[in-house]
Student: 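Below is the structure I would like to discuss, written out as structure tokens.
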There are 2 protein chains.
Amino acid sequence: MNKISDNRGSDRRSQLRERNREALVEATLDCVAELGIARSSVSEIIARAGLSRGMIHLHFETKDNLLKAAIERANEIYYDELAVLLRQAGPSPQETIDAVIRSDLSENVLNRRYISIWYAFRGEAREREVFRRLNDTRDERMRTIILEAFLPMLREQGTPDAELVARDATDGLIALLEGMWNDYLLHPDAFDRDQACRVAFRFIAGLLPDYFTFAGATHKVSAK
Amino acid sequence: MNKISDNRGSDRRSQLRERNREALVEATLDCVAELGIARSSVSEIIARAGLSRGMIHLHFETKDNLLKAAIERANEIYYDELAVLLRQAGPSPQETIDAVIRSDLSENVLNRRYISIWYAFRGEAREREVFRRLNDTRDERMRTIILEAFLPMLREQGTPDAELVARDATDGLIALLEGMWNDYLLHPDAFDRDQACRVAFRFIAGLLPDYFTFAGATHKVSAK
DNA sequence: ATTGCAAATGGACAAACGTCCATTTAACAT
DNA sequence: ATGTTAAATGGACGTTTGTCCATTTGCAAT
């Protein structure tokens with residue numbers, strides 16, 4: 001009987017196939033990180049992957065699809081790190097905020113390769129809808145996490161207009177972290193991870209003095 | 001006598017020449033804003049400028065030099081706006097900070113065209129030294145202005161470690177403004193200029209409650 | 001051992017790229 | 001009015017681009 005390849009990845013055949021697909025995505029990310037999107041040609045990518053020209057057409061149809069797969073992969077890296085730190089953090093709102101800040105500034109995402117890739121795609125974001133969507137780490141998912149952490153703290157603290165302030169604090173924190181990434185992009189050598197962390201907490205502590213100091217969340221009861 | 005063209009721009013000849021040079025730079029910026037750097041080809045640029053192919057070679061030797069001239073122009077736009085608002089502002093440190101924030105969020109720089117151009121070049125910044133340098137509006141010049149405004153306020157307020165806090169506040173404000181630009185790039189329709197302003201002042205007010213509220217600098221004695 | 005077929009190869013292809021230059025245009029000096 | 005020369009033109013050039021496909025490779029079922 002003619003079994004149409006079912007791509008389960010169980011047999012050696014499709015394992016090798018999948019590995020080559022991965023190699024293309026990784027080579028693309030390397031290329032984008034080092035040369036930028038404009039200079040990331042098919043020839044350059046396949047040379048780095050050590051594969052043949054035709055592979056891109058076989059796995060992705062077009063170069064644009066390959067770029068799309070690459071930015072999807074970059075997006076995963078970010079959310080994986082965030083998920084890990086959120087799981088490690090305790091349940092209190094201040095610990096959630098603490099985890100968000102530390103994951104954003106962690107070496108797993110805030111490194112030369114990742115930030116180069118990130119801003120390369122962002123530079124092309126205005127025209128390509130997919131790029132814009134996937135490049136926006138600070139999307140609704142992220143916003144909701146932060147907002148729902150700020151709100152109970154502000155309410156308990158008795159801040160007037162807690163809802164409005166919570167939204168402002170959320171947008172401010174997101175913008176601040178984004179700006180830190182940018183600073184890293186332009187001055188990777190001078191960048192000081194601890195200082196960036198301290199700055200973020202200083203700003204937040206101004207709005208939530210009961211919950212934060214410049215050193216991080218207070219009254220930590222972290223389980224782990 | 002053989003007068004070698006002295007490019008003073010006094011005669012009609014070199015006036016026209018200069019106008020064409022300008023047209024090329026402007027067409028390049030339009031192109032970069034709408035298509036990104038990757039898709040900004042020589043053909044596309046000269047079509048928009050309404051000039052002939054050879055003009056780029058005549059005026060800029062190579063396409064790379066044209067791009068360099070374009071980012072230099074973009075840089076001017078930013079600093080011109082900042083200079084105007086700083087001149088309009090009063091002499092007090094809180095008014096200086098106020099001017100910096102408002103110029104960064106002003107419609108003259110925070111608009112679709114300009115921000116698109118800005119992030120397009122930034123995406124290529126890692127590899128091209130010129131791009132990195134010119135794309136960094138928040139360079140030493142800007143840093144010094146902000147730092148020297150924060151410092152006397154923190155000292156007068158009696159904040160411990162005023163120097164350290166001033167540096168943190170400077171880096172924080174710069175990062176925050178940068179993050180606002182990014183937010184505008186990704187969500188130009190949803191972006192709220194007034195809210196962005198309020199968020200910035202809220203964060204600063206946390207460190208300098210005597211000088212700022214969420215609405216801006218207090219005790220304004222602005223001359224004009 | 002033989003066969004079948006998905007996976008992978010690398011050269012061919014037209015299109016598009018940046019650069020260059022022989023020619024034309026038109027502003028200025030005479 | 002005429003000659004001179006800088007400015008501007010647009011087609012030609014050799015590369016490089018992304019895509020495609022006839023061929024080869026090698027895993028797995030027979």
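Each chain gets a letter, A, B and so on, in the order the sequences are listed, and its residues count up from 1. Computed from heavy atoms alone, side chains included, the values below leave out hydrogens, waters and symmetry copies.
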Student: With distance as the sole criterion, is a donor-acceptor pair present between the side chains of B/S43 and B/R53 under 3.5 Å?
Tutor: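 Yes, because at least one side-chain N or O of B/S43 sits under 3.5 Å from a partner of the opposite role on B/R53.
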Student: For B/E22 and D/dA7, give me the distance from atom CD to atom P, rounded to whole Å.
Tutor: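 Distance check: B/E22 CD to D/dA7 P gives 16 Å.
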Student: Can you tell me how far C1' of D/dA7 sits from CZ of B/R19, to the nearest Å?
Tutor: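 Whole-Å distance recorded here is 13 Å.
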Student: Checking B/R48 against B/T28: is there a side-chain donor and acceptor pair closer than 3.5 Å?
Tutor: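 The answer is no; no qualifying pair exists.
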Student: Round to a whole Å and report the spacing from CD of B/E18 to P of C/dA27.
Tutor: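 From B/E18 CD to C/dA27 P: 17 Å.
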Student: Go through residues 49-56 of chain B and report each residue with a non-hydrogen atom lying under 4.0 Å from DNA chain C, sorted by number.
Tutor: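 Residues of residues 49-56 of chain B that come under 4.0 Å of DNA chain C are, in numerical order, B/R53, B/G54.
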Student: Compare every heavy atom of B/A69 with every heavy atom of B/F60, then report the nearest pair and how far apart it is.
Tutor: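 Taking every non-hydrogen atom into account, CE2-CB, 3.7 Å.
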Student: The side chain of B/R17 lies closest to which of these nucleotides: C/dG18, D/dT19, D/dA7?
Tutor: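 Closest of the options to the side chain of B/R17: D/dA7.
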Student: Restricting to non-hydrogen atoms, name the atom on B/A125 and the atom on B/F131 that form the minimum distance, rounded to 0.1 Å.
Tutor: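 Taking every non-hydrogen atom into account, CA-CB, 4.0 Å.
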Student: On DNA chain C, does the nearest nucleotide to B/T62 precede the nearest nucleotide to A/L16 from the 5' side, or the other way round? Give the residue.
Tutor: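 Checking each residue's closest nucleotide, the 5'-ward one belongs to A/L16.
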Student: Return yes if some donor-acceptor pair links the side-chain N/O of A/W181 with the main-chain N/O of A/D104 below 3.5 Å, else return no.
Tutor: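 At least one qualifying donor-acceptor pair exists.
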Student: Any side-chain donor paired with an acceptor under 3.5 Å for A/N111 and A/Y184?
Tutor: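 Judged by distance alone, the side chains do not pair up.
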Student: Atom pairs, N/O to N/O, protein against nucleotides 13-15 of chain D, distance under 3.5 Å?
Tutor:
none

Student: Counting side-chain heavy atoms from C-beta on, which of C/dG18, D/dT17, C/dA8 comes nearest to A/S43?
Tutor: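 Of C/dG18, D/dT17, C/dA8, D/dT17 is nearest to the side chain of A/S43.
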Student: Quick one: is B/H57 getting a side-chain N or O under 4.0 Å of the C/dT19 phosphate, OP1 or OP2?
Tutor: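 Looking at the OP1 and OP2 atoms of C/dT19, neither is under 4.0 Å from any side-chain N or O of B/H57.
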Student: What's the shortest heavy-atom distance between B/A49 and B/L24, and which atoms?
Tutor: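 Distance-wise, the nearest heavy atoms are CB-CD2, 4.1 Å.
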Student: When the distance from CZ of B/R39 to C1' of C/dA15 is rounded to whole Å, what number comes out?
Tutor: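 One finds 16 Å between C1' of C/dA15 and CZ of B/R39, rounded.
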Student: Between A/R202 and A/F214, is NZ or CZ placed under 6.0 angstrom from the six-membered ring centre and within 45° of the ring axis?
Tutor: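 Checked: cation-pi criterion met.
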Student: Taking only side-chain nitrogens and oxygens of B/N20, does any of them come within less than 4.0 Å of OP1 or OP2 of D/dA7?
Tutor: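 So the side chain of B/N20 is outside the cut-off, no N or O lying under 4.0 Å from OP1 or OP2 of D/dA7.
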Student: What's touching nucleotides 23-26 of chain D from the protein side, N or O pairs under 3.5 Å?
Tutor:
from   : atom 1 : to    : atom 2 : distance (Å)
D/dG26 : N2     : A/R13 : NH2    : 2.6

Student: Do the side chains of B/L186 and A/E178 get nearer than 4.5 Å, heavy atoms only?
Tutor: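 The answer is no, as the side chains (C-beta and beyond) never meet within the 4.5 Å cut-off.
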Student: Quick check: closest heavy atoms across B/C31 and B/I45, and the distance to 0.1 Å?
Tutor: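 Taking B/C31 first and B/I45 second, the nearest heavy atoms are SG-CG1, 4.1 Å.
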Student: Taking all non-hydrogen atoms of both residues into account, name the closest pair between A/R102 and A/F201 and its distance.
Tutor: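 Looking at all heavy atoms of both residues, the shortest contact is NH2-CE1, 3.6 Å.
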Student: Return the value, rounded to whole Å, for the distance between atom CZ of B/F60 and atom C1' of C/dC20.
Tutor: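 Atom CZ in B/F60 sits about 17 Å away from atom C1' in C/dC20.
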Student: Starting at the 5' end of DNA chain D and moving along, which residue's nearest nucleotide shows up first, B/H59 or A/S41?
Tutor: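 Of the two residues, B/H59 wins.
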Student: What is the distance, rounded to the nearest whole Å, between atom CD1 of A/I45 and atom P of D/dG18?
Tutor: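 Atom CD1 in A/I45 sits about 7 Å away from atom P in D/dG18.
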